Amino acid sequence: MQIKHAAFVVSNQDVLKCPKHNLPEYAFIGRSNVGKSSLINMLTSRKSLAKTSGRPGKTQLINHFIINKNWYLVDLPGYGYARVSKSSKKTFQKFITEYFKNREQLISAFVLVDIRHKPQPIDLEFMQWMGENTIPFSIVFTKADKLKPQAILNHVDDYKAVLLQTWETMPNYFVTSSSTTMGKEALLSYIGSINTSL
Ligand code: GTP
Ligand code: MG
């Protein structure tokens with residue numbers, strides 16, 4: 001799928017105020033700094049459609065982007081960010097949880113994990129929570145440009161082994177790099193094929 005048009009629509013903190021459309025929506029979630037906003041820019045071939053930063057905690061709201069005028073990408077704040085105050089962390093977690101529980105337009109989420117790290121409890125717990133709430137998701141490994149090809153395979157295998165201790169099957173996954181555009185075609189054609197099947 002080609003992205004010909006991508007535009008920011010609105011940011012807010014409340015799932016009830018998110019755009020009232022009936023188009024398919026896909027949301028990116030994961031720890032702060034994992035590369036959610038960068039991935040949105042990479043997929044849309046726009047340098048700064050979504051705001052990125054080297055410092056964790058950049059995205060603090062639910063951000064809607066309309067793509068090709070017929071589907072939406074959603075950039076969310078990261079979870080597990082230690083440097084925001086406890087009270088704002090609670091608010092983040094609350095509206096992220098409410099977004100996933102209540103957003104009827106959500107077709108599927110992408111849970112991003114940094115390919116360099118071993119499976120982290122916070123990510124595994126989040127995926128568990130998604131499973132328990134029957135919210136469909138794929139895993140997106142980010143920053144693959146930081147590893148050599150063999151190391152990429154090894155890290156994905158390690159991740160699979162850990163997930164298969166609790167999951168019956170490995171969730172659908174993508175290996176990506178926002179620096180090299182690795183994974184772009186695969187991710188976009190996945191979304192494209194879901195969109196045409198709806
Ligand atoms: P929050 O909004 O804080 O939750 O972070 P985020 O997940 O949106 O991360 P963001 O896209 O802002 O990227 C965080 C940092 O990682 C930035 O310095 C990016 O340049 C860098 N980064 C993101 N993706 C990649 C990638 O694929 N490769 C490399 N090398 N760096 C990346
Ligand atoms: Mg962000």
Side-chain angles (χ1 to χ4, degrees), residues 3 6-13 15 18 25-65 67 72-100 106 108-117 119-127 129-130 137-149 151-153 155-156 159 173-188 190:
I3 293 190
F8 169 73
V9 179
V10 68
S11 295
N12 68 74
Q13 264 206 337
V15 65
C18 285
E25 184 165 307
Y26 301 86
F28 289 9
I29 184 71
R31 303 179 88 179
S32 284
N33 217 42
V34 69
K36 301 175 292 297
S37 303
S38 303
L39 187 65
I40 288 184
N41 292 335
M42 184 272 262
L43 292 174
T44 56
S45 311
R46 305 294 192 281
K47 264 202 192 117
S48 44
L49 183 65
K51 290 188 188 124
T52 66
S53 167
R55 292 186 60 196
K58 179 71 180 171
T59 310
Q60 305 215 345
L61 297 165
I62 303 170
N63 298 287
H64 275 77
F65 301 93
I67 312 297
Y72 281 79
L73 276 179
V74 178
D75 192 16
L76 293 167
Y79 52 70
Y81 171 49
R83 266 186 282 169
V84 292
S85 69
K86 264 198 179 152
S87 62
S88 61
K89 204 171 178 179
K90 261 195 173 162
T91 317
F92 276 12
Q93 305 310 13
K94 194 163 181 281
F95 74 71
I96 293 173
T97 311
E98 283 178 358
Y99 171 84
F100 283 113
L106 181 74
S108 188
F110 293 95
V111 180
L112 277 62
V113 293
D114 187 323
I115 196 159
R116 295 170 295 175
H117 305 319
Q120 306 284 305
I122 193 167
D123 297 316
L124 299 174
E125 281 162 21
F126 186 77
M127 292 179 206
W129 181 85
M130 294 288 270
F137 69 91
S138 299
I139 297 176
V140 175
F141 293 101
T142 64
K143 309 194 185 185
D145 56 285
K146 301 264 195 185
L147 293 181
K148 296 209 164 74
I152 292 177
L153 296 177
H155 281 238
V156 171
Y159 218 98
Y173 69 90
F174 300 90
V175 176
T176 70
S177 162
S178 294
S179 307
T180 66
T181 75
M182 183 196 291
K184 181 177 181 176
E185 298 274 335
L187 235 158
L188 287 180
Y190 174 72

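As the structure is a prediction and not an experimental result, all values here were calculated from the model. Remember, it's 1-based here, ligands and their atoms both numbered in the order they're listed.
- Residue contacts with ligand 1: Thr142 is excluded, as none of its non-hydrogen atoms falls under 4.0 Å.
- Leu187 CG to Thr181 OG1: the interatomic distance, rounded to the nearest 0.5 Å, is 11.5 Å.
- When hydrogens are left out, the protein atom nearest atom 18 (O) of ligand 1 is Gly54 CA, 3.3 Å; that is the closest non-hydrogen contact.
- For ligand 1 and Asp145, the ligand atoms under 4.0 Å from any heavy atom of the residue are 26 (C), 27 (O), 28 (N), 29 (C), 30 (N).
- Look at Ser37 and the Mg ion (ligand 2): an N/O/S atom of the residue is under 2.8 Å from the metal.
- When each atom of ligand 1 is checked for a heavy atom of Ser177 under 4.0 Å away, the hits are 27 (O).
- Rounding to the nearest 0.5 Å places CZ of Phe126 at 7.5 Å from OG1 of Thr97.
- Annotation: Lys58 places an N or O atom under 3.5 Å from an N or O atom of ligand 1; distance criterion only.
- Taking atom 5 (O) of ligand 1 as the reference point, the nearest protein heavy-atom neighbour is Asn33 N, 2.9 Å.
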Candidate pair Gln13 and Ile62, rule side chain to side chain contact (heavy atoms under 4.5 Å, CB included), full reasoning: CA-CA 6 Å; Gln13 264 206 337; Ile62 303 170; over 6 Å; no

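- A distance of 11.5 Å separates OG in Ser108 from CD in Glu25, rounded to the nearest 0.5 Å.
- The closest protein non-hydrogen atom to atom 3 (O) of ligand 1 is Gly57 N, 2.7 Å.
- Residue Arg55 places no N or O, backbone or side chain, under 3.5 Å from any N or O of ligand 1.
- In this structure, Tyr159 has its ring center no closer than 6.0 Å to that of Tyr173.
- Counting protein heavy atoms only, atom 7 (O) of ligand 1 is closest to Lys36 NZ, 2.7 Å.
- Side chains of Asn63 and Val74 form no contact here, defined as non-hydrogen atoms less than 4.5 Å apart.
- Of the protein's heavy atoms, Ser38 OG, 3.2 Å lies nearest to atom 23 (C) of ligand 1.
- No side-chain donor-acceptor contact under 3.5 Å links Lys146 and Ser179.
- Exactly one of Thr176, Thr142, Val175 qualifies for a side chain to side chain contact (heavy atoms under 4.5 Å, CB included) with Ile115. That residue is Val175.
- Counting the atoms of ligand 1 from 1 in the order shown, those under 4.0 Å from a heavy atom of Pro56 are 3 (O).
- Side-chain contact of Asp75 with Ser37: a donor-acceptor pair under 3.5 Å is present, judged by distance alone.
- Remark: minimum distance from atom 32 (C) of ligand 1 to any protein heavy atom is reached at Lys143 CE, 3.8 Å.
- Residue, atom and distance of the protein heavy atom nearest to atom 9 (O) of ligand 1 are Gly35 N, 3.2 Å.
- The Mg ion (ligand 2) has Thr59 among its coordinating residues (N/O/S atom, backbone or side chain, under 2.8 Å).
- In terms of N/O distances under 3.5 Å, ligand 1 is not approached by Pro77.
- Given atom 12 (O) of ligand 1, the protein heavy atom at minimum distance is Ser53 N, 3.0 Å.
- Between Val34 and ligand 1, a contact under 3.5 Å exists for at least one N or O pair.
- The Gly78 neighbourhood of ligand 1 comprises atoms 4 (O), with distances under 4.0 Å to a heavy atom of that residue.
- Checked against Phe28 for a ring-ring contact (aromatic ring centres under 6.0 Å, His included), the options Tyr99, Tyr79, Phe110 give a single hit: Phe110.
- Interatomic distance, CG of Asn12 versus NE2 of His64, reported as 7.5 Å (0.5 Å rounding).
- To the nearest 0.5 angstrom, Thr59 atom OG1 is 8.5 Å from Leu76 atom CG.
- With ligand atoms numbered from 1 in the order given, ligand 1 contributes 26 (C), 27 (O), 28 (N), 29 (C), 30 (N) to contacts under 4.0 Å with heavy atoms of Ser179.
- With a 4.0 Å cut-off on non-hydrogen atoms, Lys146 touches ligand 1 through its side chain and not its backbone.
- Interatomic distance, Ile3 CD1 to Thr44 OG1, rounded to the nearest 0.5 Å: 6.0 Å.
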